[in-house]
Number of protein chains: 2
Amino acid sequence: MRTARNGAADGGAIRSERWDILPAMATMTSADIRVHNQVRLLRAVHDAPEPLTRAAAARLLAIGRNTAGALVGELERARLLHEVPAAATGRGRPTTLLLPHPEGPVAFAADIREDSWTLARIALGGELTELESGEHDRTPAVFELIEEAVARHASDRLAAVGIAIAGPIRDERWLHISHLGWDEVDLGEHLGEAWPPTVVGNDARLAGLAEARRGVLRGTGTAMHFHIDFDIGGTLLLAGDSQTGAHNIAGEFGHMPLTGSPLRCMCGSLGCWSLDVGTNALMRRFGKEPGYGAGRAFGREVLRRAAEGDAAAAEAVDDNAAALGRGLGALANALDPEAISLSGLGVELIRLRRGLIEASCEAALMAFRRAEAPRIVAGTVGGIGPLRGAAEVAFDEVLTPEWLGARL
Amino acid sequence: MRTARNGAADGGAIRSERWDILPAMATMTSADIRVHNQVRLLRAVHDAPEPLTRAAAARLLAIGRNTAGALVGELERARLLHEVPAAATGRGRPTTLLLPHPEGPVAFAADIREDSWTLARIALGGELTELESGEHDRTPAVFELIEEAVARHASDRLAAVGIAIAGPIRDERWLHISHLGWDEVDLGEHLGEAWPPTVVGNDARLAGLAEARRGVLRGTGTAMHFHIDFDIGGTLLLAGDSQTGAHNIAGEFGHMPLTGSPLRCMCGSLGCWSLDVGTNALMRRFGKEPGYGAGRAFGREVLRRAAEGDAAAAEAVDDNAAALGRGLGALANALDPEAISLSGLGVELIRLRRGLIEASCEAALMAFRRAEAPRIVAGTVGGIGPLRGAAEVAFDEVLTPEWLGARL
DNA sequence: ATGTTATGTTCTTACCGAGAACAAAACAAC
DNA sequence: GTTGTTTTGTTCTCGGTAAGAACATAACAT
């Protein structure tokens with residue numbers, strides 16, 4: 001069991017014992033070349049916005065048609081890819097379509113909410129199929145429910161499992177969910193050796209990954225994604241991978257003091273951005289006690305009343321949006337993203353107060369950055385962002401030289 | 001001419017026009033394998049803490065002794081490496097030492113301060129030799145002085161030039177140095193086609209790179225480095241590379257509002273961390289007007305008086321150090337570095353107030369992070385950090401498949 | 001029916017690294 | 001001084017890969 005740790009930061013375990021050589025520079029033989037090209041081809045098929053043909057794959061990968069033929073033949077024999085004739089589209093010999101093999105590998109993804117869970121399956125090409133969902137009692141026993149569901153649906157096609165969950169997971173093992181009161185929950189006890197290879201990741205980070213892979217942030221070199229629910233958390237995305245940090249607990253941008261709040265935060269620090277952005281901030285604004293996962297309906301009600309012109313609600317939403325913008329501007333000074341996407345309440349705040357968010361962001365930018373402020377956009381993956389992100393990161397296990405080398 | 005843009009973020013120029021395949025997954029043939037291994041070998045020689053032997057290189061790179069022999073022979077013929085017998089150290093046939101070739105490629109590095117400049121040369125293995133230095137009139141005409149000095153020392157061994165300079169360089173072209181009053185200086189006009197391949201980078205970022213390559217941050221997966229002079233700026237380092245951002249202007253952490261200042265900053269925003277950390281903050285504390293690169297001596301004087309027990313000076317330094325710690329804690333919540341190194345005034349602040357910095361940092365951390373707070377350490381590269389970083393990033397041009405492929 | 005176009009298949013070539021075997025050069029033990 | 005052990009260098013063979021060219025095939029255009 002390990003958590004989602006994309007990108008080059010995951011070098012600790014494979015670092016030379018004496019001194020470092022960049023992990024990317026592995027040994028390479030001609031057999032490794034073949035696997036390298038198999039990975040490239042499968043990644044291309046997986047990421048293609050529409051089904052890829054063999055001829056297009058050869059052009060895209062800049063390989064000979066003979067090599068493409070060899071790669072496809074081998075992947076078909078390994079039941080990783082299925083090739084069927086493509087309809088002719090003009091002069092010239094018709095090519096073939098490269099499709100997921102019906103017996104090819106799949107990964108499962110689970111999304112754990114405060115009181116419910118969903119299990120889905122992803123195959124090559126990215127098709128996501130919901131398998132089962134249910135409720136749970138807000139305790140870590142939910143992992144047993146997921147394990148049972150996985151067992152009901154598993155077959156030998158199952159290669160890996162990805163799990164999206166709220167809260168950070170320190171050192172891939174210690175889970176914290178403050179609004180459920182989970183503190184230092186040991187994932188090692190809940191995800192034992194009986195599990196298939198499992199990746200557990202923070203839901204905001206996985207939502208960001210989903211936008212980078214299949215959503216509005218696709219193709220963006222440096223981006224950020226923020227999910228706003230009770231509070232705000234997110235991820236820095238570099239070349240499509242979300243950054244994890246040294247102990248796998250990067251992304252808590254909501255716990256930076258970006259908006260001048262004098263209040264103490266539940267996280268243990270002072271003045272966090274999350275005190276001013278999200279549902280908890282709206283609740284506090286109306287004298288309610290935030291916490292423990294309650295209040296989402298109230299937050300939606302405040303937004304609805306603000307849209308209808310209620311003055312107090314409008315002011316509350318104004319302040320939420322302005323605080324959001326201010327924090328985004330500060331982060332843009334530091335990390336220089338090309339685009340910032342939002343999900344959850346963030347989509348609503350953009351809908352209601354795009355101008356205010358952008359103006360507040362710009363005011364917080366250093367003057368010379370204002371010519372090219374980052375785009376602030378609503379995520380397009382939607383509510384299944386964490387599930388989609390968990391599915392993609394689980395399926396990443398298949399698209400590796402190690403996994404393919406063992407399979408071919 | 002381009003600026004230092006390490007890491008995976010530099011994918012914009014080579015991204016597929018249709019949709020993305022990770023840039024790292026390039027085509028690979030057996031000839032590419034050879035170049036790949038040449039790069040690995042030269043990188044190992046460059047980075048080794050002590051001269052590397054052929055036998056040790058074979059073990060380190062996990063290649064056969066026959067392959068190591070072939071690689072070394074080819075690099076020697078290309079005058080990229082020089083092999084000499086090593087002294088026998090025990091039983092067994094003596095091996096050889098792999099040294100920089102006396103006619104091998106070099107890179108030049110320039111460090112531009114407010115009123116002076118330094119030019120140095122780096123060769124394989126990292127030896128840095130100062131060539132020349134001088135003063136300048138605080139205008140962009142300094143680039144012409146550097147160009148002339150480069151021309152005086154250049155030979156056909158010169159492969160690339162790296163330049164370290166204060167201020168961000170937007171889109172690799174537009175340079176801003178607020179304390180010199182340089183605004184949107186067009187590097188395209190100053191670094192024309194006559195220059196060798198040139199990389200220009202921000203000095204704080206290059207100082208961080210120096211610590212990651214040759215200093216206290218070597219081998220650290222996720223780290224941050226901050227340089228404190230008049231204000232504070234830094235860089236996020238992932239797997240030894242400093243992150244540049246979408247427009248090459250990441251790293252302005254000093255322009256985030258982390259410490260609650262009500263003041264407006266010269267950068268155009270409000271409440272920046274730099275208002276509370278660095279020489280400018282010390283000057284303001286004593287009623288002086290900061291700006292335009294003046295006051296370094298005053299800052300040192302304040303530190304000296306604080307060390308001697310002067311109450312007002314001590315309080316000023318306390319506040320500077322506490323603000324530093326608070327900001328570092330906030331950034332640790334967001335980016336989860338394993339270590340944070342400091343240079344410039346930061347080294348002095350650590351010496352005088354390590355306990356206060358660490359306590360302030362811990363107070364700003366989310367509670368569950370306090371068990372593993374990031375290490376806060378003084379950089380070890382010293383004042384030549386920017387020069388060393390510029391040298392390394394320039395020499396990186398040599399250690400690429402493209403450069404070697406053209407040379408072999 | 002013929003020509004054009006695009007793709008698939010076959011064949012040859014050149015390149016690489018691995019692994020084994022042997023050679024060489026050191027020091028250890030006697 | 002001789003023999004043995006250890007470590008590394010050199011040589012050789014093998015098997016793998018992709019590229020590129022040439023030819024075959026299958027579509028549509030004229």
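Chain A is the first sequence line, chain B the second, and so forth, proteins listed ahead of strands; every chain is numbered from 1. Small disclaimer: the values here were computed from a predicted structure and weren't measured. Note that these values count all heavy atoms, side chains included, but never hydrogens, waters or copies made by symmetry.
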Is R54(B) salt-bridged to E83(B), going by a charged N under 4.0 Å from an acidic O? yes
Under 4.0 Å between a side-chain nitrogen and a carboxylate oxygen: does that hold for E103(B) and R157(B)? no
Which residue lies more 5' along DNA chain C, comparing T96(A) with G92(B) via nearest heavy atoms: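 Its nucleotide being nearer the 5' end, the pick is T96(A).
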If you only use heavy atoms from C-beta on, which nucleotide in dA28(C), dT10(D), dG8(C) is closest to the side chain of R91(B)? dA28(C)
Checking contacts here: which listed nucleotide (dG9(D), dA26(D), dC27(C)) is nearest the side-chain heavy atoms of R93(B)?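 Minimum distance to the R93(B) side chain belongs to dG9(D).
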Could you check L206(A), V200(A), V199(A) and say which one makes a side-chain contact (heavy atoms from CB on, under 4.5 Å) with I163(A)? V200(A)
What is the distance from [atom1] of [X] to [atom2] of [N], rounded to the nearest Å?
X: I33(A); N: dA14(C); atom1: CD1; atom2: P; result: 17 Å
X: M28(B); N: dC15(C); atom1: CE; atom2: P; result: 18 Å
X: L61(A); N: dT17(D); atom1: CG; atom2: C1'; result: 16 Å
X: D32(A); N: dC15(C); atom1: CG; atom2: C1'; result: 15 Å
X: R54(B); N: dA25(C); atom1: CZ; atom2: P; result: 14 Å

Evaluate the criterion side-chain contact (heavy atoms from CB on, under 4.5 Å) for residue pair L98(A) and E76(A); output intermediate values, then yes/no. CA-CA 9 Å; L98(A) 305 180; E76(A) 172 95 71; over 6 Å; no
Are L80(B) and Q38(B) packed together at the side-chain level, in the sense that at least one heavy-atom pair is separated by less than 4.5 angstrom?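 No, too far: nothing below the 4.5 Å cut-off.
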Assign N37(B) to base, sugar-phosphate, or nothing according to its heavy-atom contacts below 4.0 angstrom with the strands shown.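 Sugar-phosphate: the residue N37(B), judged by heavy atoms under 4.0 Å, touches backbone atoms but no base.
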More 5' along DNA chain D: S30(A) or T95(B), using each one's nearest nucleotide? T95(B)
Using heavy-atom distances to pick each residue's nearest nucleotide on DNA chain D, tell me which of P94(A) and T29(B) is more 5'.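 Mapping each residue to its closest nucleotide by heavy atoms, the 5'-most match is T29(B).
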Can you sort out which residues in residues 62-90 of chain B have a heavy atom within less than 4.0 Å of DNA chain D? Ascending by number, please. R65(B), N66(B)
Around atom CD of E127(A), are there more than 12 heavy atoms from other residues, nucleotides or ligands closer than 6.0 Å?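 No, because the 6.0 Å sphere around CD of E127(A) holds 12 heavy atoms or fewer from other groups.
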Kindly determine whether L209(A) and D241(A) satisfy side-chain contact (heavy atoms from CB on, under 4.5 Å), including the steps that lead there. CA-CA 6 Å; L209(A) 190 80; D241(A) 279 325; 4.3 Å; yes
